[in-house]
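Below you'll find the structure, written out as structure tokens, and then a few comments.
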Amino acid sequence: MKKLLLLLTFIPLFISCYSVQRECSDFKTGEFEFHYTVNGEEHVNKFTRTDSLEFEYVEGKVDTNSVKWINDCEFVVRKLNPKSNSDKKAVHIKILKTSEDAYTFEYSLVGDSKNKQKGTAIKIN
């Protein structure tokens with residue numbers, strides 16, 4: 001009985017020691033890389049983020065996006081000069097966990113919570 005009581009006392013302690021690191025403010029600004037695959041081909045997306053803007057460099061072109069922070073770990077990105085109807089849709093991004101130089105996030109179009117994707121961005125500067 002004493003062993004069971006001791007075990008029940010320490011289990012919550014061990015479980016509470018594990019927590020996901022989320023230092024989101026470390027990633028509000030800076031230069032980043034995002035690796036992704038389309039049709040089996042790997043691509044690299046580089047972007048620079050300030051408090052309110054994001055400059056995305058894709059295949060030699062620069063897109064400028066507005067950034068609106070909802071809280072320390074969530075923000076919405078919207079193209080400033082959309083060229084199509086799909087470009088007009090804002091993207092909701094939620095940082096799930098962070099490490100020293102990267103963060104894992106999930107993203108989806110605003111209002112489309114069923115089609116979430118995940119990715120990792122690496123801070124390069």
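Proximity of L109 to V91: side-chain heavy atoms (C-beta onward) are separated by under 4.5 Å at one or more points. Between V110 and V76 the shortest side-chain heavy-atom distance falls below 4.5 Å. Proximity of K46 to V44: side-chain heavy atoms (C-beta onward) are separated by under 4.5 Å at one or more points. Side-chain contact check for R78 versus K68: every heavy-atom pair is 4.5 Å or farther apart. K89 places none of its side-chain heavy atoms less than 4.5 Å from the side chain of D112. Counting heavy atoms from C-beta outward, N115 and S108 have side chains that stay 4.5 Å or more apart. In this structure, H92 and E74 have side chains that are in contact, with non-hydrogen atoms separated by less than 4.5 Å.
Here Y36 and F34 bring their ring centres to under 6.0 angstrom of each other.
Taking the six-membered ring where the residue is Trp, Y103 and F105 present tilted rings, their angle falling between 30° and 60°.
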Please evaluate residues D26 and E100 with respect to the criterion side-chain contact (heavy atoms from CB on, under 4.5 Å), reporting the C-alpha separation (whole Å), side-chain torsions for both, the decisive distance (0.1 Å), and the verdict. CA-CA 9 Å; D26 294 346; E100 186 175 319; over 6 Å; no
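Residues Y107 and F27 share a single hydrophobic cluster, defined by chaining ILVMFWY side chains whose heavy atoms lie under 4.5 Å apart. Under the 4.5 Å side-chain heavy-atom criterion for ILVMFWY residues, no single connected hydrophobic cluster contains both F55 and V77. Linking Ile, Leu, Val, Met, Phe, Trp and Tyr whenever their side-chain heavy atoms come within less than 4.5 Å leaves L53 and W69 in two separate clusters. F32 is not connected to Y57 by any chain of hydrophobic side-chain contacts under 4.5 Å among Ile, Leu, Val, Met, Phe, Trp and Tyr, and they are in different clusters.
The only member of N65, T48, T29 that meets side-chain contact (heavy atoms from CB on, under 4.5 Å) when paired with E54 is N65.
Heavy atoms of other residues, nucleotides or ligands lying less than 6.0 angstrom from CG of N81 number 12 at most.
Checking side-chain atoms of T64 against main-chain N and O of L80 turns up no donor-acceptor pair under 3.5 Å.
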